[in-house]
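Input: a single structure, listed below in C-alpha cells.
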Amino acid sequence: MDISLVIPLLNEEESLPELAAWIEKVMLENGYSYEIIFVDDGSTDNSWKVIESLRLKNPHIKGIKFQRNYGKSAGLNEGFRAAQGEVVITMDADLQDSPDEIPALRNMIMEDGNDLVSGWKKKRYDNTLTKNIPSKFFNAVTRKVSGIRLHDFNCGLKAYRHKVIRSIEVYGEMHRYIPVLAKWAGFNRITEKPVEHRARKYGVSKFGLRRFVNGFLDLISITFVSKFSKRPMHFFGLWGSIFFLVGLGISLYLIISKFINPETFALTNRPDFYLALTALIVGMQLFLAGFLGELIARNSVNRNSYLIEDKTGL
Ligand code: UDP
Ligand code: MG
C-alpha cells in the first residue's frame, strides 16, 4: 500500500464528507493505493455515523472509535498501529490542512529519502493574538531544546516513513513533539514543507489557551524523560549527593567550632546551621526521589491509559 492517512477527530461531523471526497479525488488522480483511517476520539456528535456511511461508499475508509475522549495523541497512536502504507500521512479532520499536499509530501519521503516531513503553516489562518504569537515562541524554544530545525512542530499535516511510526509511541499530549520523538528514536532526516493552511470552515477549535501551558510542561518532561527516564538515579543521585555533602560539610564545621569555643558559640544563632539543615534534608529527598524513580522505571510498561476493550473498529 502506498499511503495510509491517519486522521484523528473530535466532533467534526460537518467536515468529514468533504474531506473524504477531496482525499479520494487526490488519490485517484495520482493512482495511489491507500487507506484512510479515521480515529474518532470520543465524539459526541454524529461523526461516527458519518464515518460508517462513508465507509459504505468507499471501502478504503477505515474507522477506529474510542469510547470517550482520550486526546489527539492517543488517536494518532492508535491510527499508527493500524496503518499499513509505506508512507503514513497525518492530517487534521477540520479541513484546515489541504489534501492537495499529499503527493509532494509522499515524494519527499520516497524520492528524497526523508524519514519525516512536517508541514509548515507559513501563512496561517488562525487568530493572531491567541495562537500565532505564542506558537512562534513555543516553536523557538522547542527548536533550541531539540536541535531540530523546524518552524512549525505542531502542524497536524505530517508525512512519515512507515518505519518511523513503528518506532515511536505518542502518549499524553506528546503529539506536539512527534519530530522530537522521531529524532530520539534515531531518525535524522527530518525536514519541513511549507503547506497551504485554511481557515476552519465548520465546527470549533478543540484546544484552548491551555495548550501553551501544557505544551511547555510537556517539553520540560519530554527533555527530562528522554535523558533520565531509564536512569533517574543519575540525575537525582548526583544532586542529592551534592546537597548532602554540602550539608555534611557545614555541619562538621559547626561541630568543630563548638568544640573549639564551647562557651561563646551559639549554634542556633548561626545562619549556616539552617543552611546545613536544609541541605541535608533536600539532599536526602532528592536521593529518595531517585530511588523511587528507579523502581518506577523498572516497572513501567504501559504509558497509554486507554484499554483495548475501550475501542471498536470497522
Ligand atoms: N482532536 C482530537 N482529539 C482531541 C482534540 C482534537 O482528535 O481531543 C482533533 C480535531 O478534531 C482535529 C485535530 O485534532 O482534527 C486538530 O484539532 P483542532 O483543529 O481543534 O486544533 P487547532 O487547529 O485549533 O490547533
Ligand atoms: Mg484545526
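Just follow the structure's listing: the first ligand is 1, and inside any ligand the first atom is 1. Owing to the predicted nature of the structure, the values given are computational and were not obtained by experimental measurement.
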### Query
Where on Val39 is there a heavy atom closer than 4.0 Å to ligand 1, on the side chain, on the backbone, on both, or on neither?
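No part of Val39 is near ligand 1 at this cut-off.
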
### Task
Would you kindly specify which portion of Asp41 sits under 4.0 Å from ligand 1, judged on non-hydrogen atoms: side chain, backbone, both or neither?
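The part of Asp41 near ligand 1 is the side chain, not the backbone.
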
### Message
Looking at Tyr125, I want to see if its OH is surrounded by more than 12 non-hydrogen atoms of other residues, nucleotides or ligands under 6.0 Å.
### Response
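Counting other residues, nucleotides and ligands, OH of Tyr125 stays at 12 neighbours or fewer.
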
One thing to verify: whether [Y] and [X] come together as a salt bridge, which I'm taking to mean a side-chain N less than 4.0 angstrom from a carboxylate O.
X	Y	answer
Arg200	Glu12	yes
Lys72	Asp92	yes
Lys193	Glu101	yes

### Message
Polar contacts were defined as any N/O atom of the residue lying under 3.5 Å from an N/O atom of the ligand; does this apply to Val204 and ligand 1?
### Response
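Val204 vs ligand 1: no N/O contact under 3.5 Å.
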
Please work out whether the ring planes of [X] and [Y] are parallel, tilted or perpendicular, with thresholds of 30° and 60°.
X	Y	value
Phe287	Phe291	tilted
Phe80	Tyr160	perpendicular
His151	Trp120	parallel

### Message
Between ligand 1 and Met91, can you find any atom pair, the residue atom being a heavy atom, that is separated by under 4.0 Å?
### Response
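Checking ligand 1 against Met91, which is what was asked, there is no heavy-atom contact under 4.0 Å.
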
### Task
Could you tell me whether ligand 1 has any atom less than 4.0 Å away from a heavy atom of Gly71?
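Yes; Gly71 lies near enough to ligand 1 that a heavy-atom distance drops under 4.0 Å.
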
#### Entry: ligand 1 atoms in contact with Phe207 (distance to a heavy atom under 4.0 Å)
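Those of ligand 1 that fall under 4.0 Å from Phe207 are 5 (C), 6 (C), 17 (O), 21 (O).
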
### Task
Mark yes or no: Arg231 above the aromatic ring of Phe235, with NZ or CZ under 6.0 Å from the six-membered ring centre and no more than 45 degrees from the axis.
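Because its charged atom misses either the 6.0 Å distance or the 45° angle limit, Arg231 does not stack over Phe235.
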
Do me a favour and list the nearest non-hydrogen protein atom to [atom] with residue, atom name and distance?
atom	value
atom 19 (O) of ligand 1	Asp94 OD2, 2.5 Å
atom 20 (O) of ligand 1	Lys206 N, 2.5 Å
atom 14 (O) of ligand 1	Lys72 CD, 3.4 Å
atom 7 (O) of ligand 1	Leu9 N, 3.3 Å

### Message
I need the protein N, O or S atoms closer than 2.8 Å to the Mg ion (ligand 2), given as residue plus atom name.
### Response
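Short answer, with waters excluded from the count: Asp94 OD2, Gln96 OE1.
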
### Task
Report the hydrophobic cluster partners of Leu252, with the cluster defined as I, L, V, M, F, W, Y residues connected by side-chain heavy atoms closer than 4.5 angstrom, directly or transitively.
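Its cluster partners, ordered by chain and number, are none at all.
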
### Shortest non-hydrogen contact from Asn139 toward Asn154
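Scanning both residues completely, I find the closest heavy atoms to be OD1-N, 4.5 Å.
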
